[in-house]
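Okay, structure first, notes after.
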2 protein chains.
Amino acid sequence: MSSSTAALHRLRVGELADAVGTSTDTIRYYERAGLIPPPERTPSGYRSYDPAAIDRLQFIQGAQRLGLRLSDIADLLAIRDTGTCPCEPAEELLRRRIADLDTELARLTALRDQMTAMADALPSADCPPPRPGTWCPPSEGR
Amino acid sequence: MSSSTAALHRLRVGELADAVGTSTDTIRYYERAGLIPPPERTPSGYRSYDPAAIDRLQFIQGAQRLGLRLSDIADLLAIRDTGTCPCEPAEELLRRRIADLDTELARLTALRDQMTAMADALPSADCPPPRPGTWCPPSEGR
DNA sequence: GTAAACCTTGGAGCCGGGTCCAAGGTCAAG
DNA sequence: CTTGACCTTGGACCCGGCTCCAAGGTTTAC
């Protein structure tokens with residue numbers, strides 16, 4: 001194993017951004033938000049990332065697609081970084097988020113039904129003269 | 001018909017807020033946002049609302065519960081206020097929003113499935129040593 | 001040697017839908 | 001007359017997740 005220059009090649013922030021399809025601004029934002037650790041710097045101050053950062057970012061992106069909030073993801077990463085397997089807390093988080101999702105799904109489904117009923121009723125609803133204060137949707141009451 | 005003092009009784013902003021279960025701040029916000037017209041003022045400058053404002057606010061609340069954005073609601077109200085029956089544009093809006101909802105529902109359902117699968121897989125997934133860069137969820141790739 | 005392309009920083013701005021505040025005016029009850 | 005509840009204004013602030021900017025330093029390509 002060659003001693004120094006360990007990794008295949010270190011990435012600058014723009015390369016990292018390109019590698020995962022995001023922007024340098026977003027990466028800096030994640031760093032500020034504590035999602036990724038401050039990377040090493042080149043002598044001139046440039047951020048210099050280990051290629052493993054790609055994994056970390058892809059994990060963040062995956063978790064984001066799963067609907068986790070950045071704060072949740074930060075929690076998971078923090079747990080992982082301590083050396084504890086994050087699976088248990090992750091399951092906790094996931095179960096909670098699934099429950100949230102179910103609530104949301106129920107709400108949206110009800111909404112959809114209502115809106116469809118409304119939209120169907122509209123064309124036939126005989127629209128009274130534009131009397132202020134009256135309107136077609138049977139919004140409140142009966 | 002009694003000439004003046006027409007309405008049963010005019011409402012002050014706090015009364016209006018109480019009547020529909022919101023805050024005076026929200027009502028002022030709606031006014032700024034163009035959802036409700038600037039009301040008459042008492043000689044001392046207090047807002048003085050026609051009771052019809054209750055209908056308008058309840059309509060706004062109903063439309064909001066239906067998932068319309070304030071800007072959409074403003075459009076509807078603006079159309080209505082010109083004397084044109086808003087049913088057609090309303091149907092347009094509704095159909096569009098329903099399509100949006102369907103998209104969102106599909107997304108969330110897929111998400112739910114994925115998250116459930118993940119959560120179910122977690123407890124059995126044998127967690128490898130806390131090697132940085134690795135993690136349980138089969139997020140990317142296979 | 002010089003220009004282009006990269007990097008650095010901190011801070012502001014954006015979306016939506018409000019919420020909160022301070023300083024001051026007004027009104028009704030006792 | 002005083003107290004307290006209400007009202008006025010405009011502006012700042014909040015959440016989340018970025019995005020954009022300006023002014024300056026560095027590295028790379030020709």
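A note on names: the letters A, B, ... follow the listed sequences, proteins ahead of strands, and every chain is numbered from 1. Please read these numbers as outputs of a predicted model, since none were measured by experiment.
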Exercise for review: For A/Thr103, check side-chain contact (heavy atoms from CB on, under 4.5 Å) against everything at least two apart and list the hits.
Suggested key: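 Result, side-chain contact (heavy atoms from CB on, under 4.5 Å) vs A/Thr103: none returned.
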
**Study point:** First-last contacting nucleotides on DNA chain D - partner chain B, under 4.0 angstrom, heavy atom
**Key:**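 Endpoints of the contacted stretch of DNA chain D: D/dC6 to D/dG10.
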
Practice item. Applying salt bridge (charged side-chain N to carboxylate O under 4.0 Å, His left out), name anything that partners B/Asp113, two or more places apart in sequence or on another chain. Key: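 If we apply the salt bridge (charged side-chain N to carboxylate O under 4.0 Å, His left out) test to B/Asp113, skipping adjacent residues, there are no hits.
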
Practice item. For A/Arg12, enumerate each residue passing the salt bridge (charged side-chain N to carboxylate O under 4.0 Å, His left out) test, keeping only those at least two apart in sequence or located in another chain. Key: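 With neighbours one apart ignored, the set is empty.
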
Residues forming a side-chain hydrogen bond (donor to acceptor under 3.5 Å, both in side chains) with [X], sequence neighbours excluded:
{"X": "A/Glu15", "value": "none"}
{"X": "A/Tyr30", "value": "A/Gln64"}
{"X": "B/Thr42", "value": "B/Ser44"}

Can you give the donor-acceptor pairs under 3.5 Å from side chains of residues 16-27 of chain A to other protein atoms, not counting sequence neighbours?
| unit_1 | atom_1 | unit_2 | atom_2 | d |
| --- | --- | --- | --- | --- |
| A/Ser23 | OG | A/Thr26 | N | 3.0 |
| A/Ser23 | OG | A/Thr26 | OG1 | 2.8 |

Point to revise | salt bridge (Lys or Arg N to Asp or Glu O under 4.0 Å) partners of residues 38-47 of chain B, not counting sequence neighbours, each pair once | key: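 Qualifying pairs: B/Arg10-B/Glu40, B/Glu31-B/Arg47.
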
Check your understanding: Which residue pairs pass the salt bridge (Lys or Arg N to Asp or Glu O under 4.0 Å) test when at least one of the two sits in residues 67-79 of chain A, sequence neighbours left out?
Key ->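 Qualifying pairs, neighbours excluded: A/Arg69-A/Asp72.
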
Point to revise | Short side-chain N/O contact from B/Gln61 to OP1 or OP2 of C/dG17, under 4.0 Å | key: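 The answer is no; no side-chain N or O of B/Gln61 sits under 4.0 Å from OP1 or OP2.
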
Point to revise | Nearest-Å distance for atom pair CD1/C1', residues B/Ile60 and C/dG18 | key: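 Roughly 14 Å, once rounded to whole Å.
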
**Study point:** Length of the line joining A/Tyr29:OH and C/dG10:C1', which is rounded to integer Å
**Key:**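 Nearest whole value for this atom pair: 16 Å.
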
Practice item. Under 4.0 Å from any atom of DNA chain C, heavy atoms only: list the residues of residues 30-47 of chain B that qualify, in numerical order. Key: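 Under 4.0 Å from DNA chain C: B/Tyr30, B/Ser44, B/Tyr46.
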
Review point. Any side-chain heavy atom of B/Leu77 sitting closer than 4.5 Å to one from B/Ile60?
Key: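 Sidechains of B/Ile60 and B/Leu77: in contact.
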
Review point. Using a heavy-atom distance cut-off of less than 4.0 Å, which residues of residues 16-28 of chain B contact DNA chain D?
Key: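 By residue number: B/Arg28.
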
